[in-house]
Student: 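Below is the structure I would like to discuss, written out as structure tokens.
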Number of protein chains: 2
Amino acid sequence: MTAPSDIEDLIGLMARLPGLGPRSARRAVLTLLKKRGPLMAPLAQAMAHVALTARDCATCGNIGTSDLCPICADPKRQTGEICVVADVADLWAMERAGVFRGRYHVLGGTLSALDGTGPDELRIPALVARVRDEATAEVILALNATVDGQTTAHYIADALEPTGVRITSLAQGVPVGGELDYLDDGTIGAALRARRQV
Amino acid sequence: MTAPSDIEDLIGLMARLPGLGPRSARRAVLTLLKKRGPLMAPLAQAMAHVALTARDCATCGNIGTSDLCPICADPKRQTGEICVVADVADLWAMERAGVFRGRYHVLGGTLSALDGTGPDELRIPALVARVRDEATAEVILALNATVDGQTTAHYIADALEPTGVRITSLAQGVPVGGELDYLDDGTIGAALRARRQV
């Protein structure tokens, strides 16, 4: 044996987190064991609390602690603009940027032939119903500029076409602070095609 | 806001673990949120359980779930041989190797002028008392081959001298699978000085 079995179980569970392997999970648990009072007990409590209270927002799919997520429940957020993101992580990234004041719709992934994710696994029907039911002026597709992300964007644009809503997507181009010399050909091409009058 | 405050608190606590920064803690918490049933709830429960039951062994300083750690409580482990390690992580490393069948003594760190760790912060007086009280034949110093580790080894050897116990330390030399061309001069020198008859 190395550690008592309770502690080995804890290490095994920690090792299933992304970014932690068996070795770093062991190190993390040792740190926790050394800081039982100031860190381990509060962390266990916070985790149990969130595990119990967290739920997917019935409207947008964001994660919150009640049936409506904080964004859907916020009367100051504009209705009529829905930003479609693949994942909660992308929603958080948009919110960190602090430039969007509308509502979100979290798909729960992207279409992927490789992973076998079809339209029925994603919240696309819910999006179409939402665009129909709410007075939606614009749907902004904020999906990754990857093959899967762009496939999903095209699929959603097709699915939303009958509703007549305005569909836009994030601009592609040179990132802020980016140097042309280090950019890939695809990005430079996209930036040239989408050039703007100064 | 990005995530609800409960979730932000959880991310903040996770980010205090070694090997996780704010970004990877966020990613880990998102994974937990997606696997609330199969991963988050069991992890929170295992952590709370260990935080409640884990305690330092009164004899050797190892971490266990009762007053005596599993090794000190095991009647099959030889008494009379005490292996001194700096940390519980080192004890686990020794146990993984599976070559030592005696008991341990965990110092809780090494002497360090830089960190201000003196002999009183470590469990050295407890070691001296233990060597006196138990019928100890040999004390094996299994400390890191670093300046702090070797300073601590020298200090312990001095402190134990009056007891007359046999004091040994781990051999230094070429690691198993090591290639001479890649070894540092210090290791080659130590291996040459400690050469053995074939």
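Here is how names work: the chains are called A, B, and so on, in the same order as the sequence lines, proteins then strands, and each is numbered from 1. On a predicted model such as this, the values are computed, not experimentally measured, just so you know.
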Student: Is it the backbone or the side chain of A:Met14 that comes under 4.5 Å from a heavy atom of chain B, or both, or neither?
Tutor: both
Student: What part of A:Leu30 lies closer than 4.5 angstrom to a heavy atom of chain B: side chain, backbone, both or neither?
Tutor: side chain
Student: Which heavy atom of B:Arg16 sits nearest a heavy atom of A:Pro38, and at what distance?
Tutor: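 In this case the closest contact between B:Arg16 and A:Pro38 is NH2-O, 4.1 Å.
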Student: In Å, rounded to the nearest 0.5 Å, how long is the span from CZ of A:Arg96 to CZ of B:Arg26?
Tutor: 5.0 Å
Student: So does B:Leu192 have more than 12 non-hydrogen atoms from other groups sitting under 6.0 Å from CG?
Tutor: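 Count over threshold, so yes.
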Student: Check A:Val29, A:Leu13, A:Leu10 against B:Met47 for a side chain to side chain contact (heavy atoms under 4.5 Å, CB included) and give me the one that passes.
Tutor: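 Among the candidates, only A:Leu10 passes.
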Student: Are A:Tyr155 and A:Val165 linked, directly or through other ILVMFWY residues, by side chains that come within less than 4.5 angstrom of each other?
Tutor: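 Yes.
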Student: Could you check which of B:Asp9, B:Val88, B:Leu33 has the highest count of heavy-atom pairs closer than 4.5 Å to chain A?
Tutor: B:Leu33
Student: Would you kindly confirm whether B:Leu122 and B:Leu91 end up in one hydrophobic cluster when ILVMFWY residues are joined by side chain heavy atoms under 4.5 Å apart?
Tutor: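 No, B:Leu122 and B:Leu91 fall in different hydrophobic clusters.
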Student: For atom CD of A:Gln45, is the number of surrounding heavy atoms from other residues, nucleotides or ligands below 6.0 Å larger than 12?
Tutor: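 No, the 6.0 Å shell around CD holds no more than 12 heavy atoms from other groups.
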Student: Is A:Ile71 linked to A:Val85 within one hydrophobic cluster, defined over Ile, Leu, Val, Met, Phe, Trp and Tyr using a side-chain heavy-atom separation of less than 4.5 Å?
Tutor: yes
Student: Flag yes if more than 12 heavy atoms outside A:Asp185 fall under 6.0 Å of its CG atom; otherwise flag no.
Tutor: no
Student: Answer yes if B:Val106 and B:Phe100 sit in the same cluster of Ile, Leu, Val, Met, Phe, Trp and Tyr residues linked by side chain heavy atoms under 4.5 Å apart, and no otherwise.
Tutor: yes
Student: Looking at B:Pro18 and A:Arg27, what are the two nearest heavy atoms and their distance?
Tutor: CB-NH2, 3.6 Å
Student: Distance check, rounded to the nearest 0.5 Å: B:Trp92 atom CH2 versus A:Ile11 atom CD1?
Tutor: 4.0 Å
Student: Can you give me the closest heavy-atom contact between A:Ala44 and B:Ala48, atom names plus distance?
Tutor: CB-N, 3.5 Å
Student: For the residue pair A:Arg36 and B:Arg55, what are the closest heavy atoms and their distance?
Tutor: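 What the structure gives for the nearest pair is NH2-CA, 3.7 Å.
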Student: So which part of A:Asp56 gets closer than 4.5 Å to some heavy atom of chain B, the side chain, the backbone, both or neither?
Tutor: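 Answer is both: backbone and side chain atoms of A:Asp56 are under 4.5 Å from chain B.
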Student: If hydrophobic clusters are built by linking Ile, Leu, Val, Met, Phe, Trp and Tyr wherever their side-chain heavy atoms come under 4.5 Å apart, do B:Leu32 and A:Leu32 end up in the same one?
Tutor: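 Yes, B:Leu32 connects to A:Leu32 through the hydrophobic network.
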Student: Is A:Asp6 in contact with chain B via its backbone, its side chain, both, or neither, using a 4.5 Å heavy-atom distance?
Tutor: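 It is both, since atoms from each part get that close.
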Student: Measure across A:Leu17 and B:Ala28 and return the closest heavy-atom pair with its distance rounded to 0.1 Å.
Tutor: CD2-O, 4.0 Å
Student: With a 4.5 Å cut-off on heavy-atom pairs, point out which of B:Cys69, B:Ala89, B:Ala51, B:Pro42 contacts chain A the most.
Tutor: B:Ala51
Student: In terms of heavy-atom proximity below 4.5 Å to chain B, should A:Lys34 be classed as side chain, backbone, both, or neither?
Tutor: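 When you check distances to chain B, only side chain atoms of A:Lys34 fall under 4.5 Å.
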Student: What residue, out of B:Leu52, B:Thr65, B:Leu39, has the most heavy-atom pairs lying under 4.5 Å from chain A?
Tutor: B:Leu39
